[in-house]
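Indexing begins at 1, ligand by ligand and atom by atom, following the structure's order.
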Amino acid sequence: MTWSGESPDFYRSIGVNSIISASGSTTAYGGSKLRPEVMDAMNRASNAMVNMDELNRAAGRVLADITGAEAGFVCSGAAGGLVLQAAAVVAGSDPAKMARLPNTDGMKNEIIIHKSHRFPYDQCYLSVGAKFVEIGDGRRCQPWQLEAAFTDNTAAVAYLFSPFVSRRAIPFPQVCEIAHARGVPVIVDAASFIPPRSNLRRFTAEGADMVVYSGGKAVRGPQGTGILAGRADLIEAAFANGSPHQFFGRGMKVAKEEIIGLVSALQIFVEEDEDAENERYRQMCQQAVDALIEVPGIEVSVEHDEYNFLIPHAVARLSREWNGRSRDEIWNSLAEGDPAIYMHNIGDPDALVLDPFNLNDEELGIVIQRLNEELLKQ
Ligand SMILES: *Cc1c(COP(=O)(O)O)cnc(C)c1O
């Protein structure tokens, strides 16, 4: 199959084939395509030298302005932001404590978290030496369970907003109210919970003390960047613990051109017409649905909602009438094909999901054609 992504490029020169990601902004498949304007800004930034504290503070002001938070900081991906959130609530900006991490003796080091919010990235919170106090049984949680979890060692309450995460948690504003009544900050991971762009301001408005968003996912900033926004004193503490300062966060460096790239990408992102963008994605997905509708034994639809499919996705579900290969076999055939195609994985054993976020028209056409072939293959 010919595809212009296959043209000779630097990846090829070192023996790597580029792939087609119908998986959204999944980090493992390359994250996001960057906008030319952002690459241009990074290119120019890379050739001028700056004082990094000055740059970090200036970039932080832009992030604060866009998120409606008191302050902001460009961190090394949302995951790096989780580490800095934890460092900030455990050690603050006290250099004697900061220098001791991950030894947290004598510091408040408990982070309260819903059992239903435990997720693969939460090790980032623990890395600074914090430990979790879990609440609820994973399926439900009552306000009294949160109230009973506070101790003299509580450093923060963590809260997760993410697609396909259980919504059986105490409502976020209520968590903030309960925590704040005890003077405890609430730290939020909303890494991939944008768009809608309004979510950039929503959690801060609802009471979050710090929120982290990925810079390399929907925003299309450099893959290694994240957006940390929140209360001035806590962001100051995250900044103190972070690179280039020689404390716990020094291993999570963000380069000057990455900071400029993130700021530039975020400024463009918030100016974009979200309705028009969604309409374009919806049409792309409808094209896939129209092409697959005749395949016997599957149900295809465009799905878009405020919890799981944050932009329109094309979803093909193998129904009870399906008697072809398993969803995993089809998924693997696509991933092992030429070009390799990665579909979105939502944890549903019967769903093949197309996320249009990283597809151009040519790539969409190839994905649709390959899906059709694989679904019709016996
Ligand atoms: C993607 C993701 C992260 C990590 O974000 P990076 O910017 O890739 O570091 C953290 N938490 C959640 C919920 C995510 O979806």
Side-chain angles (χ1 to χ4, degrees), residues 21 23-34 38 59 63 66-67 72-88 111 113-128 130 132 156-167 169 172 186-196 199-200 202-203 208 210-230 238 241-243 248-249 251-255 258-259 261-263 265-266 269 306-311 313 342 344-347 353 355 357-358:
S21 171
S23 176
S25 57
T26 306
T27 302
Y29 309 137
S32 309
K33 289 180 180 170
L34 275 70
V38 171
L63 268 45
I66 287 176
T67 58
F73 181 70
V74 179
C75 50
S76 60
L82 298 177
V83 176
L84 293 182
Q85 283 183 340
I111 297 178
I113 187 168
H114 281 80
K115 201 166 199 164
S116 60
H117 283 181
R118 293 297 310 270
F119 64 119
Y121 295 94
D122 67 23
Q123 191 176 19
C124 296
Y125 282 142
L126 303 179
S127 67
V128 305
F132 284 135
V157 180
Y159 204 96
L160 173 65
F161 284 99
S162 188
F164 300 101
V165 155
S166 163
R167 281 180 277 137
F172 182 67
V186 178
I187 57 180
V188 174
D189 179 357
S192 45
F193 217 56
I194 42 173
N199 279 355
L200 281 169
R202 175 180 153 201
F203 310 114
M210 274 193 284
V211 190
V212 73
Y213 303 95
S214 187
K217 291 181 180 169
V219 175
R220 296 190 194 276
Q223 252 302 280
T225 59
I227 299 158
L228 185 58
N241 280 278
S243 176
F248 195 83
M252 302 179 300
K253 173 156 51 178
V254 185
E258 293 177 297
I259 295 173
L262 185 271
V263 167
L266 186 60
F269 177 70
E306 61 188 294
Y307 302 108
N308 297 324
F309 297 108
L310 301 182
I311 62 167
H313 286 59
Y342 293 94
H344 191 31
N345 232 333
I346 58 167
V353 178
D355 181 329
F357 177 72
N358 271 319

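Here Leu82 contributes atom CG and Tyr125 contributes atom OH; the two are 4.5 Å apart, rounded to the nearest 0.5 Å.
Cation-pi geometry between Arg167 and Tyr307 is met: the NZ or CZ atom falls under 6.0 Å from the ring centre, inside 45° of the normal.
Between the side chain of Asp355 and the backbone N or O of His313 there is no donor-acceptor pair closer than 3.5 Å. Ser76 places no side-chain N or O within 3.5 Å of a backbone atom of Gly224 that could act as its donor or acceptor partner. Side-chain atoms of Tyr159 never come within 3.5 Å of backbone atoms of Ala208 as a donor-acceptor pair (strictly under, hydrogens ignored). In this structure, Ser32 contributes its side chain and Ala218 its backbone to no donor-acceptor pair below 3.5 Å. In terms of modelled atom types and a separation under 3.5 Å, the side chain of Asn358 and the main chain of Gly31 share a donor-acceptor contact.
The single protein non-hydrogen atom nearest to atom 5 (O) of ligand 1 is Ala78 CB, 3.2 Å, given as residue, atom name and distance. Of the protein's heavy atoms, Asp189 OD2, 3.4 Å lies nearest to atom 13 (C) of ligand 1. Ranking protein heavy atoms by distance to atom 9 (O) of ligand 1, first place goes to Ala79 N, 2.9 Å. Residue, atom and distance of the protein heavy atom nearest to atom 7 (O) of ligand 1 are Ser214 OG, 2.6 Å. The shortest contact between atom 4 (C) of ligand 1 and any protein heavy atom is with Tyr121 CE2, 3.4 Å.
Within the structure, the closest approach of Gly226 to ligand 1 does not fall below 4.0 Å when heavy atoms are considered. Under the 4.0 angstrom criterion for non-hydrogen atoms, Lys217 is in contact with ligand 1. Heavy atoms of Leu160 come nearer than 4.0 angstrom to ligand 1 in at least one pair.
In summary, the atoms of ligand 1 found under 4.0 Å from a heavy atom of Gly77, numbered by their order in the structure, are 7 (O), 9 (O). Interface atoms of ligand 1 facing Ser192, defined by a heavy-atom separation under 4.0 Å, are 14 (C), 15 (O). Interface of Ser162 with ligand 1, defined as ligand atoms under 4.0 Å from a residue heavy atom, comprises 13 (C).
When Val83, Thr27, Val219 are checked for heavy-atom proximity to atom 8 (O) of ligand 1, Thr27 turns out nearest.
Ring planes of Phe193 and Phe203: tilted class, angle from 30 to 60°.
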